[in-house]
Amino acid sequence: MIHYAIRRLLESLALLMLITLATFVLISSAPGGPSILIDPNMTPEDTERLRAIYGLDRPVWEQYLRWLGQVLQGNLGVSLGVGRPVGELIADALPATLLLSGASLLVAVAVAIPLGIVAAVRRNSWIDRVLTTVSFFGLSLPVFWYGLMLIILFAVLLRWLPAGGMFTPGQGSVIDVALHLILPVIALSTSLMAELVRYTRSAMIGVLRQDYVRTARAKGVAERAVIIRHAFRTALIPVVTLLGLLVPRLIGGAAVTETVFTWPGMGRLAVSAAYNQDYPTIMGITLVVSVTVIISNLIVDLLYAKLDPRVRYG
Amino acid sequence: MSATDELLPAAPRSRSPFARSWRSFWRKPGAVVSVTILGLMIVVAILAPWIAPYDPARMDMFNMLSGPSAEHWLGTDENGRDVLSRLIYGGRVSLAVGLASVTGAIAIGATLGGLAGYFGGWIDSIVSRLIDGMLSIPLFFFLLTTLALFGSSLPILILTIAATTWMPVARIVRGEITAIRENQYVEAAKALGVGRLTILFRHILPQSTPSIIVAATLGIAEAIIVESALSYLGFGVRPPMPSWGNMLADARGYIFQTPILTVYPGALIFICVLAFNSIGDALRDATDPRK
């Protein structure tokens, strides 16, 4: 177990290096190189001086090593767009994104897994057909359009919920944030839910066919216990694997959802950083998002080992 | 049953696997409806210059955000441009970008997956690591960065979408090739002295065509969603060229006056993606030899 954990950690670090290096090279190879605050009054000499200050006149590998060295000291650099430290910008935005994606994941799991089980147990019934069809539609919904439709219906026409933002200016009580959270969470969790329902259903159908489930039934174990304790425990293993695969999509989806609902998170920060070609912020976001995803993948792997008695990491 | 019966060739009535898949595909109502809808969309997209009632870029400052009328069936947008014409031309762009991106994704995915599956060894471990690595990170930020830095001309948009969506194809092809390369005819081709790359591209890869078609159909759906999300955010297809995604972005500013303008382009994206997904699903079921 320890060996496995260490190996995974090293692999994760290597992946992290690769991702940041690739992004760095990408930025440096852009036409004209990374731009710096373009002020029409700047003379070419000024631009050169600025480039020298930011180290942009050095070779790419040297720039990358310098960036890496700074990061290891906890310094992500200064945003070229707003002039604030990137670390601060991310510290402001990350909690909002974690709240939105965490809540969406929880809602999706809480709703989809029971529905998936029901669909599998009542296979080919009307409820199964409805769930299968609805989740198929859910998979094809573009989140940005779906989000807009939710805003138009619930915020513009019915006026039940706020159209965007994370809280009413001047307020910010828990209830206020929760009200602002409802629509974005519905928007973001729907496609996850759709995927989870389909997957849980097929995993459960596979397990319910197994001999040991028949044995449990034959022994006279109550149906509810057969489904929950015997079948679902096994079906949960592939579902957890799927959850791990869904995390990157969750984060990407969160970025789009945040833009639709003007939610002040990493996605919106990324969009504005990309607009401004603000490369220190882009690098910082790439790093933090990758770390978040790698950690969640590690958690999924460890969960996996805990759930499946056959998995023994050597 | 006599011995000669067993030696006779299979009865001519028995159908080829292709014919069986073909029939099973057309038995699915969802697939038939989807093919019809998409066929219609594609015809309209190709014939756009003849079908669209107006030039999609023609502005009319005296007739902005007007509702449906006899002249403008779906009304006009914030610049007085005809919404129906823009939807028709926008569909052209969205479908073309989707198709082109998927073609690119298949070229990359089938090549890498084929090489990994056929040669195994270190090539396989590098490709497999690359697939796993790329599937485990949110590529959305990578897309934004690339398009922001390199500009979002159509070729760059198509290339970046292809470069971030090839992994499922590669994974499928790799799996199939690993199984196919053990066949005896591969052995025979080797014995005849056929080059290894020729064997791979001429004799083995074509065997996985059905799976590639399934992956491609689902891939177009994905590519259309990615393109419209990027266009919605302002990093994809740039105005004045209409795409369903950037029309939605424009309409967003007027959700209080004319919310209906946000409904059309999004509904078309949804229907289009749904149709590709349902065709992909039906094809997968139809070509699955276990069924």
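Quick caveat: nothing in here was measured; it's all calculated off a predicted structure. Proteins get letters first, then strands, A, B, ... in listed order; numbering begins at 1 in each.
Proximity to chain B (any heavy atom under 4.5 Å) is restricted, for A/Ile151, to the side chain, taken from C-beta onward. If you measure heavy-atom distances from A/Val271 to chain B, the contacts under 4.5 Å come from both the backbone and the side chain. The parts of B/Phe270 that come within reach of chain A are both its backbone and its side chain, each placing non-hydrogen atoms under 4.5 angstrom from that chain. The contact between A/Phe137 and chain B is made by backbone and side chain atoms together, counting heavy-atom distances below 4.5 Å. The contact between B/Ile225 and chain A is made by backbone and side chain atoms together, counting heavy-atom distances below 4.5 Å. With a threshold of 4.5 angstrom between heavy atoms, B/Phe235 approaches chain A through side-chain atoms but not through N, CA, C or O. Interface residue B/Ala229: backbone and side-chain heavy atoms are both found under 4.5 Å from chain A. Contact of A/Ile285 with chain B is made through the side chain alone, with heavy-atom distances under 4.5 Å. Using a 4.5 Å cut-off between heavy atoms, B/Ala267 touches chain A through backbone and side chain atoms alike.
Your options are A/Val260, A/Thr292, A/Val247, and the one with the most heavy-atom pairs under 4.5 Å with chain B is A/Val260. When B/Leu143, B/Leu147, B/Thr145 are compared by the number of non-hydrogen pairs under 4.5 Å with chain A, B/Thr145 comes out ahead. Top candidate by heavy-atom pairs under 4.5 Å with chain A, chosen from B/Ala148, B/Pro138, B/Ala249, B/Ala275, is B/Pro138. Counting heavy-atom pairs under 4.5 Å between each of B/Leu274, B/Val273, B/Ile269, B/Ile271 and chain A puts B/Leu274 at the top. Ranked by non-hydrogen atom pairs under 4.5 Å with chain A, the options B/Gly30, B/Gly234, B/Gly245, B/Gly266 are led by B/Gly266. For chain B, the option among A/Val156, A/Leu15, A/Leu26 with the highest count of heavy-atom pairs below 4.5 Å is A/Leu26. Most heavy-atom pairs under 4.5 Å with chain A, from the set B/Ser228, B/Gly133, B/Gly151: that is B/Ser228. Comparing A/Ala163, A/Gly252, A/Ala274 by how many heavy-atom pairs each has under 4.5 Å with chain B, the most go to A/Ala274. Of the listed residues (A/Ile152, A/Leu18, A/Thr286, A/Ile294), the greatest number of heavy-atom pairs within a distance under 4.5 Å of chain B belongs to A/Ile152.
Distance check: A/Leu139 CG to A/Ser191 OG gives 7.5 Å after rounding to the nearest 0.5 Å. Atom OG1 of B/Thr36 is separated from atom CE of B/Met41 by 12.0 Å, given to the nearest 0.5 angstrom. Distance check: B/Trp166 CH2 to B/Ser101 OG gives 15.5 Å after rounding to the nearest 0.5 Å.
For the residue pair B/Ser94 / B/Ser243, no side-chain donor-acceptor distance below 3.5 Å is found, with atom types taken as modelled. Residues B/Glu222 and B/Thr165 have side chains that never bring a donor and an acceptor to within less than 3.5 angstrom of each other. Looking only at atom types and distance, the side chain of A/Asp128 has a donor-acceptor partner in the side chain of A/Thr132 under 3.5 Å away.
Salt-bridge formation is not detected for the pair B/Asp132/B/Arg129: no Lys NZ or Arg NE/NH1/NH2 atom is positioned less than 4.0 Å from an Asp or Glu carboxylate oxygen. A salt bridge does not link B/Asp285 with B/Arg27: every distance from a Lys NZ or Arg NE/NH1/NH2 to an Asp or Glu carboxylate oxygen is 4.0 Å or more.
The two residues A/Gly267 and A/Glu258 make their nearest non-hydrogen contact at N-OE1, 2.5 Å.
Side-chain N or O atoms of A/Arg129 include one that pairs as donor or acceptor with a backbone N or O of A/Asn124 at under 3.5 Å.
Every residue two or more places apart in sequence or in another chain that forms a salt bridge (charged side-chain N to carboxylate O under 4.0 Å, His left out) with B/Arg174 is listed here: B/Asp124.
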